[in-house]
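Accompanying notes for the structure given below.
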Amino acid sequence: MIPRRGYELPEEQQRELEHGRKLARWSLFWLTTIAVVMYFTMGSSQAMKTAWVEDVLSMIPPLVFLLASKREQKPPRERFPYGHYRLSALAFLAASTALAFVGLFLLYESLHTLIAGEHPTLGAMHLFGYTVWSGWLMIAALAYSVVPAVILARKKKPVAKKLHHKVLYADAAMNQADWTTGVAGILGILGVGMGFWWADSVAAGIISLDVTKDGLTHLKQSVAQLMDSQPLRIGTDEADPLDEELRQALCDLPWVEEADVRLREVGALLAGEAYLVVKDGTPDLLARLQEAARVPRGVHWRLYDVVPTVVESLEKIRHPEKGAEQGKR
Amino acid sequence: MSQGWDRAPILHSVVGMQRMAVVLVVGVILAAACGIPHDPVGTMEELESRPLRVGVAESAPWAVVDEPPRGEGIGEPVPDSRVRGVEPDLVRALAESLGTPVEWHAGGESELLERLERYELDLVVGGLTRSSPWSKRVGMTTPYVKSGAGDRVSAHVWAAAPGENGFIMRLERFLEAHKDEAVVAAEKEGLAVAREARE
């Protein structure tokens with residue numbers, strides 16, 4: 001099997017990729033500082049512990065992005081004739097599974113603490129000669145954990161969209177949602193301060209639900225992509241319009257009677273087949289097919305590997321049984 | 001997550017976030033103003049109308065409970081005159097600052113800490129250290145003095161009922177103010193002690 005020539009991102013996307021990688025490195029740096037701050041302030045608060053685990057886990061997407069985004073671009077070779085473009089989707093599948101399980105475990109822990117009626121002891125911390133209630137420090141740590149996350153999310157989201165990189169987008173989405181963790185945690189600590197011992201476990205439960213939800217959502221998304229599901233527009237549930245755009249562009253070819261397209265997502269790229277019904281009497285079919293093969297890349301840089309093929313009729317493809325019946329007649 | 005995230009439910013919109021941030025900041029300020037943290041079981045409030053119930057675990061010279069005179073029963077609570085030691089003296093000073101009398105209860109460390117866990121006592125003292133396995137089950141203060149030398153340094157703490165954060169903060173402030181006295185008193189009893197370094 002002769003592998004296809006490797007794919008090269010257009011210039012704009014190459015710049016965005018570098019930018020995205022830089023943002024991923026910054027994410028790892030800030031998340032590390034957050035993890036350290038949270039670790040030293042968390043004490044015996046269940047909410048803080050849960051938030052800390054979430055912060056540590058949220059280092060996985062940028063790490064996956066950094067490790068996979070360069071390797072994905074490697075050209076296809078004998079062993080991998082289709083290339084490596086699914087690398088980050090696969091890694092993300094593993095990561096989201098882990099996220100889902102850890103989230104469920106954290107949920108179990110919070111419920112256990114709540115049901116056991118454990119009153120969290122939030123004592124004092126001594127800083128620079130002052131005796132301070134540790135709750136204040138926890139609130140400060142939670143507030144701190146929110147700021148870099150939200151800022152990074154704002155920066156990463158447009159890059160992810162331009163690159164159409166779903167792992168980077170998921171990373172940005174999780175960072176963005178971190179602020180609900182901060183709010184829940186702060187309300188939990190304040191609740192404990194006001195004498196409601198259960199506020200801490202409830203906050204922990206909410207945070208762990210968020211982690212589980214993130215895990216399950218991305219798990220679903222990763223599984224769908226790896227099952228060659230219908231490409232969806234990034235960040236939504238809607239069908240990607242490129243399907244229709246390509247079909248239209250092919251129909252616009254003067255020698256094409258009808259056309260239909262089947263696409264699947266391969267990382268940020270799209271691959272698939274184009275079924276063409278050729279007008280009667282079209283000469284020089286070989287040249288026509290070569291022309292058709294160049295159309296996808298002209299429509300959009302993501303249409304990497306769309307193989308055109310000539311068919312007798314689209315009806316026969318869609319409803320093979322009917323075709324058999326007609327054949328019998 | 002990604003499905004529907006772009007449709008920005010109110011929580012994820014920028015305006016929603018900023019509003020939330022303002023609400024939280026105001027909330028924190030109000031909380032600070034009204035004397036947070038409070039006690040879920042209301043220890044500080046209850047102490048306004050009842051004595052401080054203190055468990056004394058025998059651990060000379062930190063805390064000592066004398067034998068009752070021949071012929072008398074153990075007595076519960078233990079009369080004040082029979083309770084001596086570095087930590088009981090400090091407790092007396094604490095009780096004075098709180099304006100409550102002290103009710104002493106004697107017993108083994110485990111038994112007293114179990115009663116503390118059940119909110120039957122307010123405070124347990126008597127050579128308790130930070131490394132105790134009870135640290136997760138009751139509300140221990142941060143260490144205020146350390147004894148021993150080399151490998152065998154013990155960091156001494158007091159124990160309050162779990163989650164009584166208002167009362168615990170009161171203890172912490174008291175111990176912080178009186179830790180030098182504790183060192184002096186312990187040295188008088190012949191212990192090699194040092195102030196717990198706090199950083």
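Just so you know, these numbers use all the heavy atoms, side chains as well, and skip hydrogens, waters and symmetry mates. Proteins come first, then strands; the chains are lettered A, B, ... in the order of their sequence lines, and each starts at number 1.
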Report task. Compare every heavy atom of B:His38 with every heavy atom of A:Met194, then report the nearest pair and how far apart it is. Result -> O-ND1, 3.7 Å
Report task. Give a yes or no on this: more than 12 heavy atoms of other residues, nucleotides or ligands lie within 6.0 Å of atom CD of B:Glu189. Result -> yes
Requested in this report: Please name all residues satisfying salt bridge (Lys or Arg N to Asp or Glu O under 4.0 Å) with A:Lys162, sequence neighbours left out, ordered by chain then number.
Outcome: A:Glu16
Report task. Decide if atom CD of B:Glu120 counts as having more than 12 heavy atoms of other residues, nucleotides or ligands within a radius under 6.0 Å. Result -> yes
Query raised in the report: How would you list, in number order, the residues of residues 111-123 of chain A that have a heavy atom less than 4.5 Å from chain B?
Result: A:His119, A:Pro120, A:Thr121, A:Leu122, A:Gly123
Query - Minimum-distance pair of heavy atoms, taken over all atoms of B:Arg173 and A:Thr131 - result: NH2-O, 3.7 Å
Query raised in the report: Which bit of B:Tyr119 comes within less than 4.5 Å of chain A, counting heavy atoms only: side chain, backbone, both or neither?
Result: side chain
Query - Pairwise side-chain hydrogen bond (donor to acceptor under 3.5 Å, both in side chains) hits with a residue in residues 183-212 of chain A, at least two apart - result: A:Ser45-A:Asp200
**Report entry** A:Leu190 portion near chain B, given a 4.5 angstrom heavy-atom threshold
**Finding:** both
**Report entry** Any pair counted as side-chain hydrogen bond (donor to acceptor under 3.5 Å, both in side chains), so long as it reaches residues 47-66 of chain B, sequence neighbours left out
**Finding:** B:Glu46-B:Arg50, B:Arg50-B:Asp122, B:Arg53-B:Asp122, B:Asp66-B:Arg84
**Report entry** Spacing of CG belonging to A:Leu142 relative to CG belonging to B:Leu24, to within rounding of 0.5 Å
**Finding:** 10.0 Å
Query raised in the report: Should we say atom CZ of B:Arg118 is surrounded by more than 12 heavy atoms from elsewhere, each under 6.0 Å from it?
Result: yes
Query - A:Val132 versus chain B, the contacting section by heavy-atom distance below 4.5 Å - result: backbone
**Report entry** Region of B:Val138 that comes under 4.5 Å of a non-hydrogen atom in chain A
**Finding:** backbone
**Report entry** Other residues, nucleotides, ligands: >12 heavy atoms within 6.0 Å of A:Arg264 CZ
**Finding:** yes
